[in-house]
Amino acid sequence: MTDRVLTVRELNRAALARQLLLERKRLSPVAVIERLAGMQAQWPPAPYVGIWARMTGFKRATLERELAKGTVVKATVMRQTLHLVTPRDYALFRAAMSETNFPWETSVAKRLAPDVRKLAANGPVVSADAIAYLEGKHRITGISARRAWRAARMRAHLVHHHETALWRARPEGRFVLLEEPEVQAPLEARAEMIRRYLAAFGPSSLRDVVQWSMMHVPELKASLALLEPLRRFRDEHGRELFDVPRAPLPDSDTPAPVRFLPKWDNVLLAWADRTRVLPESYRKQVIGINGDVAQTFLVDGFVAGTWSVEDGRVVTVPFAKLSRPVQRDVKEEAGRLEAFLAD
């Protein structure tokens with residue numbers, strides 16, 4: 001039976017601890033990316049700011065070296081969105097998703113993938129060239145050719161060229177061949193993916209896992225059973241929450257420092273109920289109807305405003321009046337962010 005109810009503040013502190021937002025850690029960028037089960041990379045600078053917020057002594061060049069070496073790749077994974085992940089996690093997540101009706105699992109993608117892998121065997125492939133190739137060889141035209149290329153390249157394990165993930169990214173539309181991942185059993189891969197999710201974002205409900213992964217409930221339920229024994233809780237609405245053993249659950253009054261987050265940071269997107277970090281009253285100011293997610297800053301662990309850069313200065317827009325001590329803390333952290341951005 002589940003009898004312990006976790007308050008919003010307890011869930012908030014658990015999220016911050018697992019997301020490395022209570023205290024910066026001395027880790028490598030690769031370790032941070034793996035610990036967080038990937039980092040959103042739709043906007044190239046976002047992972048850099050996200051890692052800076054979470055680790056000590058981070059330099060942009062360190063992540064760029066890992067990208068150049070291929071120890072981190074930019075690929076389409078959870079929610080069919082771009083993330084930075086390690087090749088090991090890429091293989092795990094793709095195996096976990098292999099029984100879900102994502103575009104790369106369609107019959108067209110499966111049919112075209114071998115040709116796409118051959119096309120990329122000699123070096124980077126440009127989207128325009130690949131689309132022209134598919135149009136010529138497979139008689140696919142227009143938007144159908146573009147959709148087929150997108151699905152087939154994902155099926156063929158082509159990932160974005162590392163230069164598209166640099167701080168000052170080169171143009172999008174170039175892709176490179178990743179070594180064919182080893183075959184993994186989907187059921188077990190999903191279980192491991194859920195475990196990794198809970199370690200990074202738990203305690204969470206099944207709906208939260210669906211939101212983060214965009215996978216189906218029956219698939220996730222079957223794999224969740226493989227993780228037993230799990231810790232179980234309830235939130236203040238009575239919803240069942242799952243968690244891995246021994247994951248941190250800090251006290252609700254644990255101090256939480258001011259932190260600046262980039263666009264699309266997963267800490268704002270990884271739950272169906274995001275109020276553990278993003279108060280509902282601010283949701284529409286942070287997440288647009290087009291899915292855009294603003295750059296935000298946290299005060300006492302919760303989103304308290306947005307930020308932007310103007311003439312090299314970090315400009316903050318609080319959603320409510322901040323006390324003088326908090327204003328000072330926000331100003332000091334903004335100054336550290338300015339120094340990072342200018343480095």
Side-chain angles (χ1 to χ4, degrees), residues 1-23 25 27 31-39 54 77-79 83 85-86 88-100 181-254 266-267 269-277 301:
M1 296 293 292
T2 57
D3 50 11
R4 181 178 173 184
V5 174
L6 298 177
T7 65
V8 171
R9 285 189 63 86
E10 287 175 312
L11 291 172
N12 173 268
R13 291 321 194 245
L16 297 182
R18 300 176 196 201
Q19 287 289 303
L20 308 176
L21 293 169
L22 283 182
E23 179 184 4
K25 299 292 186 181
L27 296 169
V32 171
I33 289 167
E34 283 206 324
R35 183 158 171 173
L36 302 184
M39 299 191 75
R54 293 167 165 95
V77 279
M78 287 76 67
R79 300 186 300 283
H83 282 69
V85 292
T86 61
R88 177 173 58 184
D89 278 355
Y90 171 83
L92 172 69
F93 297 151
R94 284 295 301 271
M97 299 175 189
S98 64
E99 294 181 329
T100 306
E182 291 186 9
V183 175
Q184 301 183 45
L187 186 70
E188 286 80 3
R190 280 195 297 275
E192 176 59 15
M193 185 184 76
I194 295 170
R195 187 194 69 78
R196 296 284 304 286
Y197 167 80
L198 292 175
F201 298 100
S204 297
S205 69
L206 190 60
R207 286 185 63 239
D208 293 329
V209 187
V210 170
Q211 169 65 33
W212 175 76
S213 66
M214 256 183 72
M215 295 176 67
H216 302 148
V217 169
E219 299 168 342
L220 296 170
K221 267 189 174 179
S223 293
L224 188 66
L226 298 183
L227 294 176
E228 296 293 356
L230 290 166
R231 292 191 294 182
R232 283 174 163 77
F233 305 97
R234 299 246 175 217
D235 66 13
E236 292 175 306
H237 300 281
R239 292 175 292 219
E240 186 175 29
L241 306 176
F242 303 94
D243 200 12
V244 290
R246 296 180 296 281
L249 282 174
D251 292 338
S252 61
D253 58 358
T254 301
N266 271 334
V267 82
L269 298 172
W271 300 282
D273 181 352
R274 298 161 179 166
T275 57
R276 69 179 69 191
V277 174

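- The CG atom of L220 lies 5.0 Å from the CD1 atom of I194; values are rounded to the nearest 0.5 Å.
- Sorted by first and then second residue, the salt bridge (Lys or Arg N to Asp or Glu O under 4.0 Å) pairs with a member in residues 186-206 read D89-R196, E99-R190, E192-R195; sequence neighbours excluded.
- Of all the heavy atoms in L6 and R4, the pair that sits closest is CD2-NE, 3.4 Å.
- For residues 204-226, the salt bridge (Lys or Arg N to Asp or Glu O under 4.0 Å) pairs, not counting sequence neighbours, are D208-R276.
- Summarising the geometry, atom OG1 belonging to T100 is positioned 9.5 Å from atom CE belonging to M214; distances are rounded to the nearest 0.5 Å.
- For R231, the salt bridge (charged side-chain N to carboxylate O under 4.0 Å, His left out) criterion is met by D243, not counting sequence neighbours.
- Annotation for E182: atom CD does not count as buried by contact number, only 12 or fewer foreign heavy atoms lying within 6.0 Å.
- The side-chain heavy atoms of D251 and R13, taken from C-beta on, include no pair separated by under 4.5 Å.
- Annotation: the span from R239 atom CZ to D273 atom CG amounts to 4.5 Å, rounded to 0.5 Å.
- Counting heavy atoms from C-beta outward, V209 and L224 have side chains that stay 4.5 Å or more apart.
- A donor-acceptor contact shorter than 3.5 Å links the side chain of S223 to the backbone of L187.
- Between the side chains of Y197 and S204, at least one donor N or O sits under 3.5 Å from an acceptor N or O.
- A side-chain N or O of H83 and one of N266 form a donor-acceptor pair less than 3.5 Å apart.
- Taking CG from L20 and CZ from R35, the interatomic distance works out to 4.5 Å, rounded to the nearest 0.5 Å.
- Rounded to the nearest 0.5 angstrom, R54 CZ and Q19 CD are separated by 5.0 Å.
- Annotation: side chain of M193 is in contact with side chain of S213 (closest heavy-atom distance under 4.5 Å).
- Atoms CD and CH2, on Q211 and W271 in that order, are 11.0 Å from each other to the nearest 0.5 Å.
- Counting only heavy atoms from C-beta outward, the side chains of F233 and L249 approach each other to under 4.5 Å.
- A perpendicular orientation is assigned to the rings of W212 and F93, their planes being inclined by more than 60° (bins at 30° and 60°).
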